[in-house]
Amino acid sequence: QVQLVEFGGGLVQPGGSLRLSCAASGSVFSTYVTGWYRQAPGKQRELVARIFGGGSTNYLDSVKCRFIISRDNVKNTLYLQMNSLNPEDTAVYYCNAAKGSLSYWGQGTQVTVSS
């Protein structure tokens, strides 16, 4: 069982930055695909960014060049640095760890971009 806890959401003005963190209960990053998803009101959950065990990454097109996913294998923590935020980024952000048929989710953290 993997437990994931997100931190760092909040209210930010357009153009601002936030960094989300996701603490994992064990050493998952080397063997799991870990990533960030988001779900806005009335919309489906979508993949924002993910990082594979070997370190390669991929991003949702609308966040490329603005968001950076990274991890600290020693601290068992996943990060999402979000820059140049706009109101369309408002959503609940979820951390995920997946391997084969296994998929674990955090509880989510709200990010609101508004002036």
*Would you say the side chains of Thr77 and Asp72 form a donor-acceptor pair under 3.5 Å?*
no
*Would you kindly say whether Thr90 and Glu88 are connected by a side-chain donor-acceptor distance under 3.5 Å?*
no
*asked:* Measuring only between side-chain heavy atoms, which start at C-beta, is Ser17 closer than 4.5 Å to Val12?
replied: no
*In Å, rounded to the nearest 0.5 Å, how long is the span from CZ of Arg50 to OH of Tyr59?*
12.5 Å
_Over-ring placement of Arg71 relative to Tyr79, 6.0 Å and 45° cut-offs_ = no
*Give the cluster check for Val63 versus Leu18: same hydrophobic cluster or not, with ILVMFWY residues linked at side-chain heavy-atom distances below 4.5 Å.*
yes
*Give the ring-plane orientation class for Tyr104 versus Tyr32, where under 30° counts as parallel, over 60° as perpendicular and anything between as tilted.*
tilted
*What is the distance from atom CG of Leu80 to atom CD of Glu6, rounded to the nearest 0.5 Å?*
11.0 Å
_Close side-chain approach of Leu47 to Asn58, heavy-atom, < 4.5 Å_ = yes
*Got a sec, which pairs hit salt bridge (charged side-chain N to carboxylate O under 4.0 Å, His left out) with one end in residues 15-40, sequence neighbours left out?*
Arg38-Glu46, Arg38-Asp89
*Drop me the distance from Thr109's OG1 to Gln107's CD, to the nearest 0.5 angstrom.*
7.0 Å
*Taking ring-ring contact (aromatic ring centres under 6.0 Å, His included) as the test, write out the residues that go with Phe67, two or more places apart.*
none
*Minimum heavy-atom distance between Ala91 and Ala40, given as atom pair plus value*: CB-N, 3.8 Å
_Single-linkage hydrophobic cluster Val92~Val48, side-chain heavy atoms < 4.5 angstrom_ = no
*Atom pair CE (Met82) and CD1 (Ile68), whose distance is rounded to the nearest 0.5 Å*: 12.0 Å
*Of the non-hydrogen atoms in Ala23 and Phe7, which two are nearest, and what is the gap between them?*
CB-CE1, 4.2 Å
*Are Val113 and Gln13 side-chain neighbours, meaning at least one heavy-atom pair lies under 4.5 Å?*
no
*Taking all atoms of both residues into account, what is the closest heavy-atom pair of Tyr94 and Gly106, and its distance?*
CD2-O, 3.7 Å
_Measuring from atom OG of Ser70 to atom CG of Leu78, what distance do you get when rounded to the nearest 0.5 angstrom?_
7.0 Å
*Please test Trp105 against Cys95 for side chain to side chain contact (heavy atoms under 4.5 Å, CB included), starting from the C-alpha separation and ending with a verdict.*
CA-CA 6 Å; Trp105 295 91; Cys95 177; over 6 Å; no
_Asn83/Gln81 under side chain to side chain contact (heavy atoms under 4.5 Å, CB included): CA gap, chis, key distance, verdict_ = CA-CA 7 Å; Asn83 302 317; Gln81 177 66 43; 2.9 Å; yes
*Linking I/L/V/M/F/W/Y whenever any side-chain heavy atoms sit under 4.5 Å apart, do Ile51 and Tyr93 land together?*
yes
*Have Asn96 and Thr34 got a donor and an acceptor in their side chains that come within less than 3.5 Å?*
no
*Can you name the nearest heavy-atom pair linking Ile69 to Gly35, along with the distance?*
CD1-CA, 4.1 Å
_Gap separating the OG atom of Ser115 from the CG atom of Leu11, nearest 0.5 angstrom_ = 9.5 Å
*Supply the members, apart from Phe52, of the Ile/Leu/Val/Met/Phe/Trp/Tyr cluster built from side-chain contacts under 4.5 Å; use none for a lone residue.*
Val33
